[in-house]
Amino acid sequence: MNMDKHQIANVLAEMAALLDLKGENPFKVRAYENAARVLDGLSQDLDHLIARKQLTDIKGIGANLATHITELHAHGTFDEYVQLRRSIPEGVVAMLAIPGLGAKKVGTLWKKLKITTIDELEKMCRAGKIAKLEGFGEKSQEKILKGIESVRRFSGRHLVSEAHVAAAALLDAVKKCKAVLRAEVGGSVRRYVETVGDIDILVATKNPEAVMDYFVTLPDVTQVVAKGATKSSVVLSSGINADLRAVTEREFPFTLHYFTGSKAHNVAMRSLAKQHDMKLNEYGLFKGKDEKRIPCKDEAAIFAVFGLDFIPPELREDMGEMEAAAKKSLPRLVEQGDLKGVLHAHTTYSDGRASLEEMAFAAKKRGFAYLGISDHSKSAAYAGGLSVEQIHQQHREIDQLNKKLTGIRLLKGIECDILADGSLDYSDDILETFDFVIASIHSKFTMTESEMTKRICAAISNPHVDILAHPTGRLLLTRDPYPVDMLKVIQCAAKQGVAIEINSHPQRLDLDWRWGQQMMALGVKTLISPDAHSTDGLDVVRFGIGIARKGWFEKEDVLNCFGVDNLLMHFQRHEK
DNA sequence: GCCGTTTTCGGCCCGACTGTTTTCAGTCG
């Protein structure tokens with residue numbers, strides 16, 4: 001079986017966990033974790049690298065991992081992996097997901113009490129057997145039970161959209177504490193990762209004790225996991241975990257940087273500091289043997305010490321941002337204010353809840369100069385897809401509204417289903433009548449990767465198609481993406497001059513931002529679209545902006561940062 | 001496991017909090 005890089009990354013990450021459980025050298029464990037992360041974010045063609053034996057050119061992949069990756073790519077497995085898996089039950093690996101349990105403790109539970117599933121662990125806790133185990137106690141037992149509950153209830157991850165709302169509310173609440181001088185949200189929320197495990201709040205204060213007392217007694221806190229002098233950890237009513245760190249004002253920029261991460265970015269920064277004979281931690285930057293403190297008033301000053309431009313939080317994934325910052329070639333990331341309009345909105349003509357006119361007003365109210373309507377096409381029967389007659393009717397209504405309305409222009413579009421064979425839902429003479437055509441998949445997800453890739457490439461090769469929407473079909477925390485060779489799709493989009501959407505729906509956030517740099521290298525544009533099914537649905541573009549920034553996109557790469565004339569010209573030129 | 005303009009061997013980021021211990025290992029970020 002042939003594995004793609006994400007499947008291989010999953011195996012390597014599992015290897016890391018298995019090795020950890022075996023008590024292997026922690027640096028070996030880290031090497032596997034690191035390789036998994038690198039592969040997940042790899043923009044080059046893996047087949048190509050393997051064929052040319054260039055895997056070891058990638059930082060973090062040496063001779064051994066290159067062999068394993070090559071083996072996985074060709075056969076879907078390798079000897080050491082098979083043996084390790086055979087020696088450790090699946091349920092034991094699953095126990096690692098329980099907060100408070102790491103490899104060492106899980107190893108003890110497994111070896112001493114022969115526990116191999118989370119269910120068994122729960123029974124043993126309830127029977128009071130865990131508390132008697134050496135190194136454990138009553139509190140550990142309690143904590144494990146709570147941990148099991150949280151794993152089951154929330155599987156530990158949350159959509160960044162939900163986390164953002166919760167984090168903003170929490171930050172507001174924290175700022176109301178008189179002892180708080182400065183406060184910011186850090187962590188994966190600040191980096192805009194599509195799903196997050198918890199919320200990190202960083203605070204500057206002269207009185208950390210007062211801040212901690214205040215924090216753990218906020219009304220939204222349902223459980224206090226830990227409370228210390230500078231760090232506390234709680235569970236909010238939404239089920240999201242939140243951590244708070246309190247430091248001095250002098251330390252704050254370093255704390256904010258450190259707790260924004262990512263882990264990989266921090267490791268890179270600390271290594272860089274070390275090369276400069278400095279030490280970087282969450283409290284400061286220190287030079288030489290006598291650890292002379294180097295003051296920095298903000299994050300930009302920290303980067304500047306190493307000759308780096310300020311790296312926006314979204315880019316801090318150790319995916320080339322350090323090199324770009326050193327070369328002064330970081331992108332000027334797109335901002336919400338750059339959006340001139342939006343495309344991809346539904347109305348009552350198909351499955352939207354608002355009329356054309358209501359959507360037009362809502363878009364205008366949000367400061368957009370144009371709104372591209374794209375209801376579902378006819379085969380999307382479940383969503384009230386439009387018949388040819390309904391299309392004509394909608395176009396007449398749009399023409400009338402455009403005469404009547406000021407300050408907003410409606411564009412005629414369609415979200416056209418890509419059928420199983422890669423053909424589109426309407427004939428060419430119908431497709432020609434739209435200002436723009438979005439193509440997307442809503443059915444027949446179970447195809448092989450090569451079939452699906454062929455299907456999508458066929459669809460976007462139709463000269464009427466301007467945009468490919470939600471290219472992987474994923475629903476975060478709910479449905480995996482369908483199998484598709486994104487690199488081939490991007491190459492095909494480049495050839496056809498087709499843009500690939502960043503769908504801003506909180507559950508989609510699809511395109512995956514990890515493809516951004518590759519898209520821009522090939523000159524493929526994107527579209528930050530709301531996929532709105534109501535007037536409020538227009539507001540989600542702010543999540544799409546976050547993902548676009550994370551993907552290194554600049555406003556020049558984003559179609560709806562174009563003025564309406566340029567946009568229409570772009571679509572027309574592309575059809576010729 | 002990986003890596004190298006000090007090194008092909010000996011490093012590999014660093015600190016807080018907890019619980020179970022009487023000085024520290026494990027976990028987490």
Side-chain angles (χ1 to χ4, degrees), chain A residues 12-13 15-16 18-20 22-38 55-69 80 95-109 130-144 147 156 186-191 196-202 208 212 216 224-234 241-247 251 254-255 257-275 277-286 291 318:
Chain A
L12 295 182
M15 273 296 291
L18 293 167
L19 291 167
D20 210 4
K22 280 274 168 185
E24 263 283 0
N25 175 1
F27 296 106
K28 179 172 173 179
V29 173
R30 193 206 274 175
Y32 274 87
E33 282 171 351
N34 189 42
R37 189 184 55 83
V38 168
L55 275 176
T56 51
D57 291 353
I58 303 169
K59 195 160 173 272
I61 295 178
N64 265 300
L65 275 164
T67 309
H68 294 332
I69 292 167
E80 200 185 341
M95 283 193 270
L96 289 173
I98 299 168
L101 287 187
K104 290 283 189 318
K105 288 195 166 174
V106 169
T108 306
L109 292 168
I130 304 300
K132 297 202 176 72
L133 207 55
E134 197 187 328
F136 292 75
E138 289 290 341
K139 292 213 171 166
S140 311
Q141 190 167 273
E142 279 296 301
K143 200 175 170 192
I144 290 170
S188 45
V189 175
R190 185 170 183 232
R191 295 205 317 284
V196 307
D198 65 8
I199 294 169
D200 293 288
I201 304 275
L202 298 324
M212 290 301 152
V216 300
V224 179
V225 179
K227 178 169 179 269
T230 64
K231 180 199 165 180
S232 289
S233 190
V234 301
N241 276 64
D243 289 350
L244 181 135
R245 296 261 174 174
V247 294
E251 293 163 338
F254 300 96
T255 309
H257 174 263
Y258 179 73
F259 286 103
T260 294
S262 65
K263 199 170 175 176
H265 171 85
N266 285 348
V267 169
M269 283 290 286
R270 287 188 175 191
S271 301
L272 189 59
K274 213 166 177 175
Q275 286 169 32
D277 189 31
M278 294 181 197
K279 186 178 82 172
L280 179 65
N281 62 26
E282 58 262 55
Y283 303 108
L285 181 61
F286 307 91
E291 304 212 336
D318 194 25

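Chain identifiers are assigned alphabetically (A, B, ...) following the order of the sequence lines, protein sequences preceding nucleic acid strands; residue numbering begins at 1 within each chain.
Taking atom C1' on both B:dC24 and B:dT20, the two are 9 Å apart, rounded to the nearest angstrom. B:dC12 and B:dC17 have their P atoms separated by 24 Å, with the value rounded to a whole Å. Rounded to whole Å, the P atom of B:dT27 lies 15 Å from the corresponding atom of B:dT21. Across B:dG15 and B:dG10, the matching P atoms stand 25 Å from one another, rounded to whole Å.
Although no hydrogens or angles enter the test, the distance criterion places a donor-acceptor pair under 3.5 Å between the side chain of A:N281 and the main chain of A:G284. In this structure, the side chain of A:S188 does not engage the main chain of A:R191 through any donor-acceptor pair within 3.5 Å.
In this structure, CG in A:L280 is found 7.5 Å from CG in A:N266, a value given to the nearest 0.5 Å. If you take CG on A:D200 and CG on A:L244, they are separated by 9.5 Å, rounding to the nearest 0.5 Å. Residue A:L109 holds its CG atom at 8.5 Å from CD1 of A:I98, rounded to the nearest 0.5 Å. In this structure, CE on A:M278 lies 9.0 Å from CG on A:L272, to the nearest 0.5 angstrom. Here the straight-line distance linking atom CZ of A:R270 with atom CG of A:L285 works out to 11.0 Å at 0.5 Å rounding. With rounding to the nearest 0.5 angstrom, the NZ atom of A:K132 is 8.0 Å from the CD atom of A:Q141.
Side-chain nitrogen and oxygen atoms of A:R270 include none within less than 4.0 Å of the OP1 or OP2 phosphate oxygen of B:dC12. Using a 4.0 Å cut-off, some side-chain N or O of A:K28 falls inside it from OP1 or OP2 of B:dG1. Listed pair A:K263 / B:dC14 fails the phosphate criterion, with no side-chain N or O lying under 4.0 Å from OP1 or OP2. Distances shown here put a side-chain N or O of A:T230 below 4.0 Å from the OP1 or OP2 atom of B:dC17. Contact annotation: A:Y283 reaches the phosphate of B:dA16 (side-chain N/O to OP1 or OP2, under 4.0 Å). The side chain of A:N281 contributes an N or O atom lying less than 4.0 Å from OP1 or OP2 of B:dG15. Regarding contacts with the backbone of B:dT20, a side-chain N or O of A:S140 is found under 4.0 angstrom from either OP1 or OP2.
Across all strands, A:K143 comes closer than 4.0 Å to no nucleic acid atom at all (heavy-atom distances). A:A273 comes within 4.0 angstrom of nothing in the nucleic acid, heavy atoms only. Across all strands, A:P99 comes closer than 4.0 Å only to sugar-phosphate atoms, never to a base (heavy-atom distances). Residue A:Y258 is in base contact, counting any heavy-atom pair closer than 4.0 Å across all strands shown. Nucleic acid contact for A:E142: none, since no nucleic acid atom lies under 4.0 Å from a heavy atom of the residue. At a threshold of 4.0 angstrom between heavy atoms, the contacts of A:E24 with the nucleic acid are absent. Within 4.0 Å of A:R30, counting heavy atoms only, lies at least one base atom of the nucleic acid. Nucleic acid contact class of A:L101 (heavy atoms, under 4.0 Å, all strands): sugar-phosphate only. Residue A:F27 is in base contact, counting any heavy-atom pair closer than 4.0 Å across all strands shown.
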Please assess A:V267 against A:D318 for the test side chain to side chain contact (heavy atoms under 4.5 Å, CB included), listing each intermediate value before the final yes or no.
CA-CA 9 Å; A:V267 169; A:D318 194 25; over 6 Å; no
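Two residues, A:L280 and A:V225, neighbour DNA chain B, and the one matched to the more 5' nucleotide by heavy-atom proximity is A:L280. With the nearest nucleotide of DNA chain B identified for both A:I98 and A:L65, A:L65 has the one nearer the 5' end.
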Output a table of nitrogen or oxygen pairs between the protein and nucleotides 3-7 of chain B separated by less than 3.5 Å.
{"residue": "B:dC3", "atom": "OP1", "partner": "A:G60", "partner atom": "N", "Å": "2.7"}

List every contact pair, protein side and nucleotides 22-26 of chain B side both N or O, where the distance is under 3.5 Å.
none

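Nucleotide B:dG29 holds its C1' atom 7 Å from the CZ atom of A:R245, rounded to whole Å. Here the C1' atom of nucleotide B:dT21 and the CD atom of A:E134 are 11 Å apart, to the nearest Å.
For CD of A:E138, the number of neighbouring non-hydrogen atoms (other residues, nucleotides, ligands) closer than 6.0 Å is 12 at most.
A donor-acceptor contact under 3.5 Å links the side chain of A:N25 to the base of B:dG1.
B:dT8: no Watson-Crick or G-U partner with both key distances under 3.5 Å is found in any strand.
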Side-chain polar contacts of residues 26-36 of chain A - donor-acceptor pairs under 3.5 angstrom, sequence neighbours left out - could you list them?
{"residue": "A:K28", "atom": "NZ", "partner": "A:E24", "partner atom": "OE2", "Å": "3.4"}
{"residue": "A:Y32", "atom": "OH", "partner": "A:H68", "partner atom": "NE2", "Å": "3.4"}
{"residue": "A:N34", "atom": "OD1", "partner": "A:R37", "partner atom": "NH2", "Å": "2.9"}

